[in-house]
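First listed ligand is number 1; within each ligand, the first listed atom is number 1.
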Amino acid sequence: MTTTPDTGSNAGSIVVLVSGSGTNLQALIDATADPAYGVRIAAVGADRDDIEALSRARRAQIPTFVCRVADFATRAEWDFALTSQVAAYSPSLVVLAGFMKLTGEAFLGQFGGRTVNTHPALLPSFPGMRAPEEALDYGVKVTGCTLFVVDSGVDTGPVVAQSAVGVDDDDTVQTLHERIKTAERRMLVDYVGRMVREGFTVTERKVTIP
Ligand code: GAR
């Protein structure tokens with residue numbers, strides 16, 4: 001599948017989905033201040049209220065929306081509503097930046113192949129919600145972060161980029177995760193910019209940015 005740069009009226013626009021502190025979102029917000037970056041954040045969506053990520057978006061005057069699983073009778077209805085909310089902004093790319101929910105069939109039907117997620121481990125090692133803790137418990141000496149194109153599995157999609165981070169003997173989950181997040185923000189800003197500006201190709205598991 002080839003995703004070419006969007007040249008329509010919403011060219012360069014992305015929607016970012018978040019669940020937490022939003023430091024990755026902030027890195028994207030900061031990058032978009034430079035017009036040469038070529039990316040506009042059309043909206044920020046969350047699966048919960050009262051998170052710092054939403055405050056960051058509001059401070060930057062970016063439209064926000066909240067779509068909570070608990071407000072729907074089924075997970076499929078939530079997924080459909082999330083899809084509609086994102087679709088309202090016609091993004092070229094959807095970026096999951098610390099979004100702690102799995103998107104479903106409706107979402108992937110519309111945004112599959114143009115949704116990326118950032119994960120705090122070198123996939124396929126340590127998928128799931130507790131990657132830095134599991135890497136530390138396992139005793140690995142090197143971990144890192146992965147940007148990947150979302151598919152229907154849990155952190156299984158084609159890899160766009162990875163960045164390695166060494167594990168120190170005295171690391172705690174917090175110190176390790178913070179160091180991973182520093183690498184993650186750099187990787188996210190760099191590759192989201194390139195994917196939006198230049199387009200990208202996914203051939204089986206291989207992602208290429210021209
Ligand atoms: C990031 O490290 C991201 O990779 C992770 O949550 C953090 C969000 O930080 N996501 C996952 O673990 C998803 N499985 P942030 O809210 O400060 O951007």
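- Nearest to atom 16 (O) of ligand 1 among the protein's heavy atoms is G22 N, 2.7 Å.
- The shortest separation from a heavy atom of G128 to ligand 1 is under 4.0 Å, placing the residue in contact.
- Counting non-hydrogen atoms of neighbouring residues, nucleotides and ligands closer than 6.0 angstrom, the CZ atom of F80 reaches no more than 12 such neighbours.
- The proximity of H177 to ligand 1, defined as any non-hydrogen pair under 4.0 Å, is limited to the side chain.
- If you chain together hydrophobic residues whose side chains sit under 4.5 Å apart, V159 and L93 never meet in one group.
- In summary, the atoms of ligand 1 found under 4.0 Å from a heavy atom of S21, numbered by their order in the structure, are 15 (P), 16 (O), 17 (O).
- Residue D155 has no N or O atom closer than 3.5 Å to an N or O atom of ligand 1.
- Scanning all protein heavy atoms for the shortest distance to atom 10 (N) of ligand 1 gives M100 CE, 3.6 Å.
- V16 is not listed as a side-chain neighbour of I62, based on a closest heavy-atom distance of 4.5 Å or more.
- For ligand 1, the atoms lying closer than 4.0 Å to a non-hydrogen atom of T118 are 3 (C), 4 (O), 10 (N).
- With a 6.0 Å radius and a threshold of 12 heavy atoms from other residues, nucleotides or ligands, E52 has its CD atom above the threshold.
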Would you please test T146 and Q162 for side-chain hydrogen bond (donor to acceptor under 3.5 Å, both in side chains) and show each step?
-> CA-CA 4 Å; T146 303; Q162 292 186 303; 2.9 Å; yes
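- Considering backbone and side-chain atoms together, N117 places no N or O closer than 3.5 Å to any N or O of ligand 1.
- Near N24, meaning under 4.0 Å from one of its heavy atoms, ligand 1 places the atoms 1 (C), 9 (O), 15 (P), 18 (O).
- Look at A53 and you'll find every heavy atom at least 4.0 Å from all atoms of ligand 1.
- Considering each of A131, S19, P120, A121, the one bringing a non-hydrogen atom nearest atom 5 (C) of ligand 1 is P120.
- In this structure, S21 OG and Q26 CD are separated by 10.5 Å, a value rounded to the nearest 0.5 Å.
- With ligand atoms numbered from 1 in the order given, ligand 1 contributes 4 (O), 14 (N) to contacts under 4.0 Å with heavy atoms of H119.
- Summarising the local packing, CG of D34 is surrounded by more than 12 heavy atoms from other residues, nucleotides or ligands at distances under 6.0 Å.
- Ranking the protein heavy atoms by distance from atom 4 (O) of ligand 1 puts E184 OE2, 2.2 Å first.
- Taking the charged nitrogens against the carboxylate oxygens, E184 and R179 have no contact shorter than 4.0 Å, which rules out a salt bridge.
- Taking both residues in full, the closest heavy atoms of V39 and T32 are given as O-CG2, 3.2 Å, listed atom of the first, atom of the second, then distance.
- Cation-pi check for R114 over F111 is not met; the charged atom does not lie both under 6.0 angstrom from the ring centroid and within 45 degrees of its normal.
- For atom 8 (C) of ligand 1, the closest non-hydrogen atom of the protein is G98 CA, 3.6 Å.
- Considering backbone and side-chain N/O atoms, A97 never comes within less than 3.5 Å of an N/O atom of ligand 1.
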